[in-house]
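These notes are about the structure you will find just below.
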There are 2 protein chains.
Amino acid sequence: MSTSLLSPVSRDPHLATRVALLDAAERLFSQNGIEGTSVREIIKAADANLGAINYHFGTKDRLALEVFARRIAPVNRERVARLDALEAEVGRRKLKLEQILDALVRPALEAEGRGAKNCDDLMRLISRSFQEQNTEVKKFVEQQFAEVAHRFDAAILRAVPGLPPDDLFWRMCFLHGALHHGLQTWLQFDQTPHAMLHPDAIKPDREGLIQRLISFMAAGLSAPVSKAR
Amino acid sequence: MSTSLLSPVSRDPHLATRVALLDAAERLFSQNGIEGTSVREIIKAADANLGAINYHFGTKDRLALEVFARRIAPVNRERVARLDALEAEVGRRKLKLEQILDALVRPALEAEGRGAKNCDDLMRLISRSFQEQNTEVKKFVEQQFAEVAHRFDAAILRAVPGLPPDDLFWRMCFLHGALHHGLQTWLQFDQTPHAMLHPDAIKPDREGLIQRLISFMAAGLSAPVSKAR
DNA sequence: GTATGCATGAAACAAACGTATGAAATTTTG
DNA sequence: CAAAATTTCATACGTTTGTTTCATGCATAC
């Protein structure tokens, strides 16, 4: 095998097992959660020694934090970058709501760092980051998301005139619930038997899911503000 | 203390500890999940003996199943009952989408079996039931939800003419994600510090949350069908 | 070539886990 | 009231958990 096919980091013996541990933990965490995965499963999947995790990361929780951090930070950066590009493009004109939502949704669903199977695990991980109950991980994810939320809130407020900021907060909350549950369902569509319940349901391709999400979210955000306060 | 304040079941010594175990497990499961709760925590909270769980339920997983079943079945029954009542009321006329969504959402948010604190735990439990990875619990929840989904799918299809069944499936998926994530956020609103991020966000009362959810969902379900398939 | 620093290896650690056991206590039954 | 059935109790069992230890391998640097 040509060494040029290998990324520099995976050739570096200094970091090889460290990356292997991150990769293995990513897959297992995305499927069974942090608590549902033992360090012995991880080191077996990474073909490493039992002491490897504690040597390279100190503790299992610290490994978990790095696993999530490695993937979530780039997604959020990509979101902001896309919003930046959109706003630079249109100048002082108003952005369409669907454009903003595309910048928010697409980076989470098109996380293609490596192979196809890994891509699913990556998305699963991102989706799971919202429901992970590990305190440190939770804190990190929320903190990481702060800038993203701030930027997109402002952009959406401009695109949906007359939407009270308080309503925006709750609608963004609904929106994220829809995004992550939709993503989870999409990822495990083939494993789940909805045949009996939803015989007509088909699994759209990635683009189809994105479009369905965006149109649902755009409509939800544009809904008339309920009078009851 | 007057015994009339106690429910009949909690006076029955035959079932007292059994119910105490269910209550304690409900609270702990709703906060930390099944895996995140040990049998020793449960029996301590229920003021029972270590062997009590295995004596009354056989195994911890079996207890978990009963904990979820006890709460989720009534909610789903209430949903169907409300839809029945609505359809009986309007006869052959069409139901408004908001009415249908009210019947779907309200039972999950107005689960008032007992005291106020417990009510929150109950809703937390319902919301968590969707993300529990315990196989048996998952299977039960999905199976229990089948009739509900079937009935509401049909009703919504009538209220939103021209919506392809396949699109309905995904929009219902988004809808449930919004419902449960919104509910979780609402329940732990005071514990979470969004002050920095969303200084304008306020916690609406239960009715306010329901109204916001319904208007968001109704708009999302009524969104134009995206052309990309 | 030998010494130094880092990475791995196999084994053992204490603690926590769910569960099982058998004797005491309690309630129910005749 | 005594016998039988049921529930509680303290205790122990066998696993599995995350982490630690220390000896071994193996590079690079002197």
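What you are looking at is a predicted structure, and each value in this text was computed from that prediction instead of being measured. So that the names make sense, note that chain A is the first sequence line, chain B the second, and so on, each numbered from 1.
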- Does A/His56 have a side-chain nitrogen or oxygen under 4.0 Å from the phosphate oxygens OP1 or OP2 of C/dC6? no
- Return the set of residues passing side-chain hydrogen bond (donor to acceptor under 3.5 Å, both in side chains) with A/Arg151 (not counting sequence neighbours), or none when no residue passes. A/Asp84, A/Glu87
- Item | Secondary-structure stems, DNA chain D, at least 3 Watson-Crick or G-U base pairs under 3.5 Å | C:1-5 with D:26-30, C:7-12 with D:19-24, C:14-27 with D:4-17
- Task: Write down the distance between CZ (A/Arg18) and C1' (C/dT8), rounded to a whole number of angstrom.
- Result: 16 Å
- Task: I would like to know whether B/Glu207 and B/Gln211 meet side chain to side chain donor-acceptor pair (under 3.5 Å); could you show each step before the answer?
- Result: CA-CA 6 Å; B/Glu207 191 60 33; B/Gln211 293 309 322; 2.8 Å; yes
- Whole Å only: how far is the CD1 atom of B/Ile43 from the P atom of D/dA10? 10 Å
- Message: Please tell me whether A/Phe130 and A/His176 form a close aromatic pair, meaning their ring centres lie under 6.0 Å apart.
- Response: yes
- Short side-chain N/O contact from B/Thr17 to OP1 or OP2 of D/dT8, under 4.0 Å: yes
- Query: Quick one: are A/Leu125 and A/Ile72 in side-chain contact, heavy atoms under 4.5 Å?
  - Reply: no
Side-chain atoms of residues 33-42 of chain B: list all donor-acceptor pairs with protein atoms under 3.5 Å, sequence neighbours left out, distances to 0.1 Å.
unit_1	atom_1	unit_2	atom_2	d
B/Glu35	OE2	B/Gln133	NE2	3.1
B/Thr37	OG1	B/Leu28	O	3.4
B/Thr37	OG1	B/Gly33	O	2.8
B/Ser38	OG	B/Glu41	N	3.2
B/Ser38	OG	B/Glu41	OE2	3.4
B/Glu41	OE2	B/Ser38	N	3.1

- For A/Arg71 and A/Glu26, run salt bridge (charged side-chain N to carboxylate O under 4.0 Å, His left out): C-alpha distance rounded to whole Å, both residues' side-chain angles, the deciding distance at 0.1 Å, then the answer. CA-CA 9 Å; A/Arg71 297 306 185 184; A/Glu26 172 173 308; 2.6 Å; yes
- Sequence neighbours left out, what passes ring-ring contact (aromatic ring centres under 6.0 Å, His included) with B/Phe29? Give chain and number order. none
- Sorted by number, the residues of residues 131-138 of chain A with heavy-atom contact under 4.0 Å to DNA chain C: none
- Message: One thing to verify: whether B/Arg79 and B/Glu147 come together as a salt bridge, which I'm taking to mean a side-chain N less than 4.0 angstrom from a carboxylate O.
- Response: no
- Message: Please determine whether the number of non-hydrogen atoms from other residues, nucleotides or ligands lying under 6.0 Å from atom CG of A/Asp47 exceeds 12.
- Response: no
- Flag the pair A/Glu78 and A/Arg82 as a salt bridge only when some basic side-chain nitrogen lies within less than 4.0 angstrom of an acidic carboxylate oxygen. yes
- Before giving the answer on side chain to side chain donor-acceptor pair (under 3.5 Å), spell out for B/Asp166 and A/His198 the whole-Å C-alpha distance, their side-chain angles and the decisive distance to 0.1 Å. CA-CA 8 Å; B/Asp166 175 56; A/His198 293 279; over 6 Å; no
- Where protein sits on nucleotides 11-26 of chain D, one letter per nucleotide: B base, S sugar-phosphate only, - none, heavy atoms under 4.0 Å: BB----BBBB------
- In whole angstroms, the gap separating C1' of D/dT8 from CZ of B/Phe57 amounts to 15 Å
